[in-house]
Amino acid sequence: MTLKAERTTSLQSSAFDTLSEPVRRWIWQRKWRSLRDVQKKAIPAILAGGDVVISARTAAGKTEAAFLPLLTRHAEHAGSADGFAILYVSPLKALINDQHRRLESLCEGSGVLLHKWHGDVSADAKIRARKRPSGIVLITPESLEALLVRRGGEVARMFSRLDAVVIDELHAFIGTERGMQLQSILNRIEVATARDRIDRIGLSATLGDMSLAAEALRPGKGASVTVVEGKDEGNGVRLQIRGYLLDGTAPGDLTATTDDSGPPAKPAEPFEQSTVPSALAADLFRLLRGQSNLLFAGSRANVEVYADMLRSMCDQASFPNEFFPHHGNLARAMREEVEARLRDDPRPTTAVATTTLELGIDIGEVETIAQIGPGFSVASLRQRLGRSGRRAGKPATLRIFVIEPPIGKGRHPIDRLRLDLVQSIAMVECLRAGWCEPPLPAGLHLSTLLHQVVALIVQTGGISPTVAWKLLCERGPFRAVDKTLFAELLRCMATPENQLLEQSPEGLLMIGETGEKITESYEFYAVFATEREYRIIHDARTLGTYPLSSPLARGETIIFAGRRWQVIEIDDRARVMMVKPTRAGKPPHFNGKGAAIHDHVVAAMRAVLVSDEAYPYLDPAAKLLLDEARSSHLDLQLDRRSIIAHGEGVLVFPWVGTRKLQTLTLALLAREFKASHLGHAIELQECEAAKVMEALQDIAGSPAPDGQELAARLAQPALAKFDTFLSDQLMTLVTMVERISAKDLPLIAANALGNHTTHEVT
DNA sequence: GACCTGCTGCGGTATG
């Protein structure tokens, strides 16, 4: 059979035949042999009309799966200039630039205009698009917000002919402030154009439960969304977990360490960021050098430490460097250099990265993925794994490197349980079982609702409170906010201190003095909070940014952008730090906000400790560490109890996720225990096990509290961007709903009691 | 025990 005949056969699918002539011609020109699985499924679904979620792994052709049928639908209107036809929303400017390149020829062939629209696009290009609105717009949520706020009067004209909205990386929006804003904006567009429903197409990574993505695409009506899932066309997975101890110790020396005489041990301090076991350093160098990889180091500080270490190992061995840091505080130009080298340069390259390289930016194919420690979610483990194994016949390869504290006499039970290793195994097991974290249940999102009220007032010029509530909360995404709470929020916004809004004599909400001020600044459009930062500059080149809250002194040294520097000048007014190269350097310091591990993962950890399953993907050192963990678990009798005496105090293991652990800790603090949460356990100082059991039994047997008292104990810093405008009462309400789970408290306490009877603990 | 993302309209000056 000739090549052409072969292609004719495989392209003669019914899906292909339903596409418009220019779209089919474009596919021929690309010399595609056939449509990908996800495209064949998505085409009929999108041509039928209605909302669709398209889910498949990175690089499975989701973009074309959406645009081939959408352009077919658009064929008869092509060329008209009385409104945009398709709105594509992306969380990243870089992705808009990638997609513009991908769609250019397709749109040209179909006679459809294609507009890029984000902060780096010239005002001129935006004005031209606005004057004769037509075709496709690729835009960010923030630019879309700006368009609605600044050109409120033109919204109806620009979008009245809108056929569909495409949301890329839908999963990245779910459960976030930014996602709430996007849902609200799309709803505002539908209302402004008097359209009941404009079709939405969501492009998403595969989630454990796709109904959540459907609900995120069309809040309240998720059941009406068609979900299209692409078959995984991957080549299998190679997984390994490798164990390491800090230098001077070896795993497997358990007998010498169960001696409980002497003072009770404290858990090992978290490792100094700069401490990398020498065996781990040597293995990373040996396993990664000579090919292209991604090394996820866990934090920006660790990215710098590992990149600096591996670069100096290249130097010492007289090899050219092939390890480069990549994180959010590095200058865009430096990050793009690393991305371009991965994508286009034949030289082997390892990017040492944070989550910056998890999203869909085009970096081509890498051989292996490496990760330091268990990480924080199964979802991100899955995203990372999808970055390798895309070449024919090559499996995805992932190695997790786990560091455990050294063996010492009378180790703390927490250390003896090797929880980082156990968590790594638990996460891999969750991944293998096809589970990953669902997004958090919707919170109140009062910060973003406050923002949307201000934006809506500016967009419309004035609106009645009832209409605003119906639009934003009843029809829009802020479903958890009833009329009473909305009225309280409005009152809070109108106080003399806030002055965000005022009410006209006719009862319309109007913009207040502070409202005017904050909407004048371009900083208004984004709903997520950001830290203020210095720029770090060497020889007129910006290396990146550094938080104002971790100031450095003149003369201090720092590892940054994969090199070592000394601060020579600081300009606080201009917020600039000048640096020069030097030989010494300490790791940089960024402020993390804390991670939350899901209940399901912690339950899986306990299952790993209880079972005697041998996991084939453990290296010998990791096997020994798991043996230690299981022996310790038995030794501490944690198979039969969850409360153990330790020194002068008590340890409680409820085996629940971070949020519930935090809630139980608060409840114990409220009962005057000196409680603090520690890894996956709660430590209570200077108390007896029997007293703790009594308290837990009482909590387990009492009705769930409303959480106000517990929330009042917790610090309530303004976390979300507009929290500073909320009253104490509203802030406490947000804390109750979004940060603790009081309704589960009796169950958590019962869990912590396990199968104890009062006689078991002495 | 963490990470990431985004930005208008104007006035100034330089360049063709």
Side-chain angles (χ1 to χ4, degrees), chain A residues 89-96 117-127 130 139-151 168-169 171-173 175-179 181-182 185 267-271 273 296-303 326-330 332 335 353-361 371-377 379-381 383-384 402-403 414 419-420 423-424 448 451 455 458 518-531 545 547 589-598 601-602 657-659 661-662 676-681 719 721:
Chain A
V89 187
S90 152
L92 300 178
K93 291 188 288 191
L95 215 51
I96 288 180
W117 192 309
H118 58 62
D120 300 343
V121 172
S122 72
D124 189 50
K126 292 175 191 165
I127 291 168
R130 227 180 61 223
I139 197 166
T140 60
E142 288 73 19
S143 281
L144 197 49
E145 180 73 85
L147 190 57
L148 263 62
V149 168
R150 298 277 173 217
R151 311 286 160 192
D168 205 351
E169 309 272 6
H171 55 275
F173 287 112
T176 67
E177 298 300 335
R178 224 178 162 199
Q181 178 189 28
L182 178 56
I185 288 173
E269 293 295 320
F271 322 122
Q273 291 279 15
F296 291 102
S299 68
R300 289 165 285 187
N302 257 359
V303 163
H326 193 286
H327 61 73
N329 281 70
L330 288 179
R332 189 173 295 274
R335 287 157 56 175
T354 57
T355 53
T356 39
L357 288 182
E358 261 177 39
L359 276 185
I361 304 169
Q371 176 176 299
I372 308 296
F376 305 98
S377 76
S380 106
L381 202 59
Q383 287 275 100
R384 292 172 181 186
V402 183
I403 309 170
I414 296 281
L419 292 178
D420 266 8
Q423 189 179 326
S424 300
T448 300
H451 175 268
V458 179
I518 64 168
T519 50
E520 265 166 28
S521 163
Y522 69 101
E523 289 175 352
F524 175 70
Y525 308 114
V527 293
F528 52 88
T530 43
E531 258 200 295
T545 59
H589 185 263
F590 300 96
N591 310 304
K593 288 240 165 65
I597 311 298
H598 194 277
V601 172
V602 184
T658 310
R659 190 161 135 160
L661 196 68
Q662 163 90 288
S676 52
H677 60 107
L678 191 75
H680 295 286
L719 291 175
K721 186 170 171 186

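Being a predicted model, the structure only gives us computed values, none of them experimental. Each chain gets a letter, A, B and so on, in the order the sequences are listed, and its residues count up from 1.
- OP1 or OP2 of B:dA2 has not a single side-chain nitrogen or oxygen of A:T354 nearer than 4.0 Å.
- Atom NE2 in A:H598 sits roughly 18 Å away from atom C1' in B:dA2 (whole-Å rounding).
- Contacts of A:H680 with the nucleic acid, taken as non-hydrogen atoms under 4.0 Å apart, include base atoms.
- Atom P of nucleotide B:dT5 and atom CG of A:L182 are separated by 18 Å, given to the nearest angstrom.
- Nearest nucleotide to the side chain of A:T355, out of B:dC3, B:dG1, B:dT8: B:dC3.
- At least one side-chain nitrogen or oxygen of A:S143 sits closer than 4.0 Å to the OP1 or OP2 atom of B:dT8.
- Inter-residue side-chain proximity for A:V527 and A:K721 is flagged as unmet; no heavy-atom pair is nearer than 4.5 Å.
- Rounding to whole angstrom units, CG of residue A:L719 and C1' of B:dC3 are separated by 15 Å.
- Under the 3.5 Å distance criterion, with hydrogens and angles disregarded, a donor-acceptor pair is assigned to the side chains of A:T448 and A:E177.
- One interatomic measurement links the two molecules: CG of A:L330 to C1' of B:dT5, which rounds to 16 Å at whole-angstrom precision.
- Shown here for A:V149 and A:F524, the closest heavy-atom pair between the two residues is CG2-CE2, 4.2 Å.
- OP1 or OP2 of B:dT8 has at least one side-chain nitrogen or oxygen of A:K126 nearer than 4.0 Å.
- The side chain of A:R150 approaches B:dT8 more closely than any other nucleotide in the set B:dA2, B:dC7, B:dT8.
- Ranking B:dC7, B:dC4, B:dA2 by closeness to the A:K93 side chain, first place goes to B:dC7.
- At a cut-off of 3.5 Å, with distance as the only test, no side-chain donor of A:T140 or A:H118 sits close to an acceptor on the other residue.
- If you take CG on A:L144 and CG on A:L182, they are separated by 7.5 Å, rounding to the nearest 0.5 Å.
- Rounded to whole Å, the distance from CZ on A:F590 to P on B:dA2 is 13 Å.
- Within the 4.0 angstrom heavy-atom criterion, no nucleotide atom of any strand lies near A:E531.
- Of the candidates B:dC4, B:dC7, B:dG6, the closest approach to any side-chain atom of A:T530 belongs to B:dG6.
- Nucleotide B:dT5 holds its C1' atom 13 Å from the NE2 atom of A:H326, rounded to whole Å.
- Nucleic acid contact for A:R332: sugar-phosphate only, since backbone atoms but no base atoms lie under 4.0 Å from a heavy atom of the residue.
- Residue A:F528 and nucleotide B:dT5 are classified as a stacked aromatic pair, their ring centres being separated by less than 5.5 Å at an interplanar angle below 30°.
- Of the listed nucleotides (B:dC4, B:dT8, B:dA2), B:dC4 has the atom at the smallest distance from the side chain of A:R335.
- Using a 4.0 Å heavy-atom cutoff across all strands shown, A:G298 reaches sugar-phosphate atoms only and no base atom.
- Residue A:R300 has a polar side-chain atom (N or O) positioned under 4.0 Å from OP1 or OP2 of B:dC3.
- In this structure, A:N591 atom CG and B:dC3 atom P are separated by 9 Å, rounded to whole Å.
- Of the N and O atoms on the side chains of A:H680 and A:Q423, at least one donor lies less than 3.5 Å from an acceptor on the other residue.
- Side-chain atoms of A:E523 lie closest to B:dC7 of the nucleotides B:dT5, B:dC7, B:dG9.
- Here A:Y522 packs flat against the base of B:dT8; its ring centre is closer than 5.5 angstrom to the base's six-membered ring, tilted by less than 30 degrees.
- One interatomic measurement links the two molecules: CZ of A:R130 to P of B:dG9, which rounds to 7 Å at whole-angstrom precision.
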